[in-house]
Amino acid sequence: MKIIKIATNTAPDFDRNLIASLPSSGPRYTSYPTADRFTGSFDAEAYIESLNMRKVGALNKPLSLYIHIPFCNTICYYCGCNKIITKDTSRADAYIEYLEKELALLAPHLNGRHPLVQLHFGGGTPTFLNDEQLERVFGLIRRYFDLLPNGEYSIEIDPRKVSRDTVLHLGKLGFNRMSVGIQDFDPVVQQAVNRIQTVEETREVIEAAREAGFKSVSVDLIYGLPHQTLESIKPTLDTVLSLDPDRLALYHYAHLPHIFKPQRRIDTAVVPGSEEKLDILQYAVQTLTSHGYVFIGMDHFAKPNDELSIALKEGWLQRNFQGYSTYADCDLIAIGVSSIGKIGHAYIQNERDIDAYYAALDEGRLPVMRGYRLNGDDILRRSIIQDLMCRFSLEFPTYESLFNISFADYFSQELQDLQDLAELGLLRLKPGGLTVTPKGRFIIRNIAMVFDYHLRHKETTAQYSKTV
């Protein structure tokens, strides 16, 4: 695939009227096809078949590992993640035993020990685990994999539950990147979503990460939460900038109480409307870019010297289930309840219900709930959508050569739709390719959706998030 370098000094062009005129929701494309297309006919045997195909040299890609920790001490009302609310840390002891069972079942199909280029602990709240439990999990990891000096090993952090000593311990274990949940520092907003978090405890965690030698600290904010206004978000952004994170994500809150039960505790009347949310977003984007942060894509920003910015500039940015990534396309082993992995041309998701997850492992079988095996058309479109999301351009002859197609014939309907988007100023079509404009980069999901065959031709009950 041709490497296309991106100009990273161009700020996103925030066109409010255009944003309002386009479809308002769509996939985030952490995978293609998206998870709502996975089927129950893909089972543990299909997963094992995909793993065994890794033994073929051409398919033996670098390996990434995702571990899902589902437990949280308290519930955040906005959250739509798969989680278990409990204060009983002994439940994690039992869970770790099942992680061990799952890895033991996977081991015969991994073709020996593998170096891990990436490791990610997600949740839930991964730091629900105490120091001893974290050491147990790392013992499991080191039993089957080799950690590399230059690997990317990250963990999601809730500052309310983590001390400076814990962060230093995480660094000693091998973590070198962290994502810190903030959402909003406004006390009224925090009360409304049941997440009371002080600036001081957040700052302590970030400073401890730097003391421990973490290479990158990212923070997460959410816009559209109850009681948020343009004026209320300004102090939060000022405070976040004073924390000097390396990366920043600005997620849109999707208020879907009919799907996510915790959101029923939020008063819908105090959730900001579309205009107010656009005010907040526009101000946040202008503020971050004026302070030197590079707009990576969608809702992500990074300092110019951060690996994400460099990956974007050099043309090797990637996108996976954890969002934007700096590594080339990896195979992803995912363990734990509800986790999603990718092996070759297949996606695999574990049981979402913890009792079903435990039952499968007690029976000595991998806890696969559903998955998907990509066909040739899926592979082609996945490649195109990945390039749009990460390189913001397409060179048609590349796909013609790799997939033995005529781009104009194969994508005749899509090219008509792209012409419409070009007339809106979202992209520039040229003979043999296209380039997304600064205006289009902000709503890149809408452009990627043009190439989504499943979205065009197949019904889904999925509730996608807002594209902006």
Side-chain angles (χ1 to χ4, degrees), residues 51 54 62-73 84 86 88-158 161-179 208-209 212-215 322 327 330-341 343 348 350-351 354 357-358 360-362 364-367:
L51 287 168
R54 274 184 52 85
L63 202 59
S64 177
L65 176 66
Y66 173 75
I67 300 178
H68 188 77
I69 308 297
F71 305 107
C72 294
N73 299 84
I84 296 170
T86 180
D88 181 5
T89 57
S90 68
R91 294 190 66 177
D93 288 322
Y95 187 72
I96 292 169
E97 291 177 7
Y98 281 92
L99 292 179
E100 183 171 10
K101 288 183 179 182
E102 186 174 2
L103 278 173
L105 287 173
L106 286 168
H109 309 288
L110 292 178
N111 195 25
R113 291 176 64 86
H114 282 274
L116 279 185
V117 296
Q118 289 179 318
L119 169 67
H120 186 80
F121 277 52
T125 305
T127 48
F128 179 89
L129 304 184
N130 58 37
D131 288 354
E132 181 182 348
Q133 290 166 336
L134 283 165
E135 287 185 7
R136 282 184 60 195
V137 177
F138 258 80
L140 291 176
I141 295 168
R142 294 181 187 279
R143 187 183 308 171
Y144 297 104
F145 305 99
D146 293 320
L147 299 181
L148 304 174
N150 60 343
E152 185 178 280
Y153 307 135
S154 61
I155 184 168
E156 298 169 9
I157 295 287
D158 180 348
K161 312 298 179 186
V162 176
S163 68
R164 172 183 170 277
D165 288 342
T166 299
V167 174
L168 296 179
H169 183 67
L170 293 173
K172 290 177 181 177
L173 285 174
F175 288 110
N176 53 26
R177 289 161 178 79
M178 72 164 56
S179 173
F214 279 66
K215 294 181 180 179
Q322 281 72 60
Y327 271 89
C330 297
D331 276 343
L332 172 64
I333 298 291
I335 64 171
V337 63
S338 78
S339 63
I340 303 178
I343 301 296
I348 308 96
N350 277 351
E351 294 284 0
I354 196 164
Y357 172 76
Y358 287 166
L361 291 167
D362 283 338
R365 58 184 175 86
L366 290 168

Any non-hydrogen side-chain atom of Lys172 less than 4.5 Å from a side-chain atom of Glu135? no
Looking only at heavy atoms, the pair that brings Pro367 and Leu361 closest together is CD-CD2, 3.8 Å
Show the nearest heavy-atom pair for residues Ser64 and Cys330, with the distance to one decimal. CB-CB, 4.1 Å
For a 4.5 angstrom cut-off between non-hydrogen side-chain atoms, does Leu119 reach Phe145? no
Side chains of Phe128 and Asp158, heavy atoms from C-beta outward: is any pair under 4.5 Å? no
Of all heavy-atom pairs linking Gly124 and His68, the shortest is N-CE1, 4.2 Å
Heavy-atom distance under 4.5 Å between the side chains of Ile141 and Leu116, does that happen here? yes
Any donor-acceptor N/O pair, Arg365 side chain to Leu105 backbone, under 3.5 Å: no
Does the pair Glu156 and His120 meet the rule for a side chain to side chain contact (heavy atoms under 4.5 Å, CB included), with working shown? CA-CA 8 Å; Glu156 298 169 9; His120 186 80; 3.0 Å; yes
Donor-acceptor pair, Gln133 side chain versus Thr89 backbone, under 3.5 Å? yes
Run the numbers on Leu366 and Ile348 for side chain to side chain contact (heavy atoms under 4.5 Å, CB included), then give the verdict. CA-CA 11 Å; Leu366 290 168; Ile348 308 96; over 6 Å; no
Tyr95/Val137 under side chain to side chain contact (heavy atoms under 4.5 Å, CB included): CA gap, chis, key distance, verdict: CA-CA 10 Å; Tyr95 187 72; Val137 177; over 6 Å; no
Can you find a pair of side-chain heavy atoms, one from Ile343 and one from Ile333, that are under 4.5 Å apart? yes
Measure the spacing between CD1 of Ile96 and CD of Glu100 and express it to the nearest 0.5 Å. 9.5 Å
So do Ile354 and Tyr98 actually touch side chain to side chain, heavy atoms under 4.5 Å? no
If every non-hydrogen atom of Asp146 is compared with every non-hydrogen atom of Tyr153, which pair is closest and at what distance? O-OH, 4.4 Å
Dump the intermediate steps for side chain to side chain contact (heavy atoms under 4.5 Å, CB included) on Asn130 and Thr166, then the final yes or no. CA-CA 8 Å; Asn130 58 37; Thr166 299; over 6 Å; no
Test applied, side-chain contact (heavy atoms from CB on, under 4.5 Å); reference residue, His169; option that passes from Asp165, Leu173, Val167: Leu173
Main chain of Lys215, side chain of Asn176: is a donor-acceptor contact present, judged purely on distance under 3.5 Å? no
Taking Gly336's backbone N and O only, do any of them form a donor-acceptor pair with Glu102's side chain (distance below 3.5 Å, no angle check)? yes
Which value, rounded to the nearest 0.5 Å, describes the distance between Gln118 atom CD and Leu148 atom CG? 11.0 Å
Would you check if Val337 and Ile84 make a side-chain contact, meaning some heavy-atom pair closer than 4.5 Å? no
Quick one: closest heavy-atom pair of Ala212 and Leu168, and the distance? CB-CD2, 3.8 Å
Let me confirm one number: the CG-CG distance from Leu65 to Leu106, rounded to the nearest 0.5 Å. 9.5 Å
Within this structure, what is the CZ-OG distance for the pair Phe121 and Ser179, rounded to the nearest 0.5 Å? 15.0 Å
So, for Tyr357 and Asn350, which heavy atoms are closest and what is the spacing to 0.1 Å? CE1-ND2, 3.9 Å
A side-chain contact here means heavy atoms from C-beta on lying under 4.5 Å apart; do Arg143 and Leu103 qualify? no
Distance (rounded to the nearest 0.5 Å) between Ser163 OG and Asp131 CG: 7.5 Å
